[in-house]
Structure formats: structure tokens, C-alpha cells
Amino acid sequence: MTTSWDDTLGLALDLVRTLRAAGDGAGASALLAALTAGCSAPELALALREAALELPEPLAAPVRERRDALLSGLRDVLGG
């Protein structure tokens, strides 16, 4: 099943909430900044992928789960 763009944006917001709950305000802020970084859907998707990949390891299990879901959705949206 391919993830839609709307679903992917929801995954990004889920990750922001999970980062905040885990006490990672900087990571949440970076993802929120990525949500406003692009003017087009592909630019936005690339910015979100970059921000998600830059989250510092080790990630708490809930954060890792949300991050991986977002990255999977972004792969679907970006086509690979």
C-alpha cells in the first residue's frame, strides 16, 4: 500500500508530537522548520527526510518507530 501525501504529512506531525513527548524540543523544532522549508511538495518532502535523518542517535523506541514510518511514507511520496 502506497502512502499518500496527506498521510505522510500526518506522519510528520506524529513524529513532532512524539519528539516533544520524549523531551526532544530541538528535534521537534527541526521537523517543524522542515515543514515550512519548501515551496513545492518535493522540496518539502526532501526537507522532512533530511530533518528526520539528522535526528541524533540513539532514538527512544517511540521516536524511532515514528521516524521510520515517516521515512517510509516519504519514500512512497518521492517514488523510491
Side-chain angles (χ1 to χ4, degrees):
M1 181 168 125
T2 302
T3 306
S4 72
W5 181 238
D6 289 344
D7 293 334
T8 302
L9 291 175
L11 292 168
L13 292 174
D14 287 344
L15 179 54
V16 168
R17 285 188 288 273
T18 304
L19 285 164
R20 283 188 176 156
D24 187 356
S29 293
L31 277 170
L32 285 172
L35 280 166
T36 61
C39 295
S40 68
E43 290 173 337
L44 178 55
L46 291 171
L48 283 170
R49 182 174 65 185
E50 184 177 324
L53 290 172
E54 289 179 356
L55 291 172
E57 296 286 348
L59 298 172
V63 173
R64 178 175 302 286
E65 180 180 315
R66 295 287 185 187
R67 195 254 340 241
D68 291 348
L70 174 60
L71 290 173
S72 177
L74 288 168
R75 277 191 297 276
D76 287 347
V77 168
L78 291 168

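Values below: every heavy atom of this structure, side chains too, minus hydrogens, waters and symmetry copies. Keep in mind that what you see is a predicted model, and the values were worked out from it rather than measured.
- Taken from CZ in R20 to CG in L15, the straight-line distance is 11.5 Å, to the nearest 0.5 Å.
- S29 is linked by a side-chain contact (heavy atoms from CB on, under 4.5 Å) to nothing, counting only residues two or more places apart in sequence or in another chain.
- Minimum heavy-atom separation, L78 to P42: CD2-O, 4.3 Å.
- In this view, D68 satisfies the side chain to side chain donor-acceptor pair (under 3.5 Å) rule with no residue, not counting sequence neighbours.
- With sequence neighbours left out, E43 forms a side-chain contact (heavy atoms from CB on, under 4.5 Å) with C39, S40.
- From L9, atom CG reaches atom CG of L48 across 7.0 Å, with rounding to the nearest 0.5 Å.
- Residues L35 and L13 form a side-chain contact, since some pair of their non-hydrogen atoms from C-beta on lies under 4.5 Å apart.
- For the pair W5 and A41, the tightest heavy-atom approach, listed with the atom from each and the gap, is CH2-O, 3.6 Å.
- Once rounded to the nearest 0.5 Å, the distance linking CG of L32 with OG1 of T36 reads 8.0 Å.
- Closest approach of V63 to A22, counting heavy atoms only: CG2-CB, 3.8 Å.
- Annotation: side-chain contact (heavy atoms from CB on, under 4.5 Å) contacts of A51 (sequence neighbours excluded): L31, A34.
- Contacts classified as salt bridge (Lys or Arg N to Asp or Glu O under 4.0 Å) and involving residues 53-63 (residues at least two apart or in different chains) are given here: E57-R64, E57-R67.
- In terms of the side chain to side chain donor-acceptor pair (under 3.5 Å) criterion, residue partners of S4 (sequence neighbours excluded) are, by chain and number, D7.
- Taking every heavy atom of both residues into account, A52 and L71 meet most closely at CB-CD2, 3.9 Å.
- The line from CG of L59 to CZ of R66 is 14.0 Å long, rounded to the nearest 0.5 Å.
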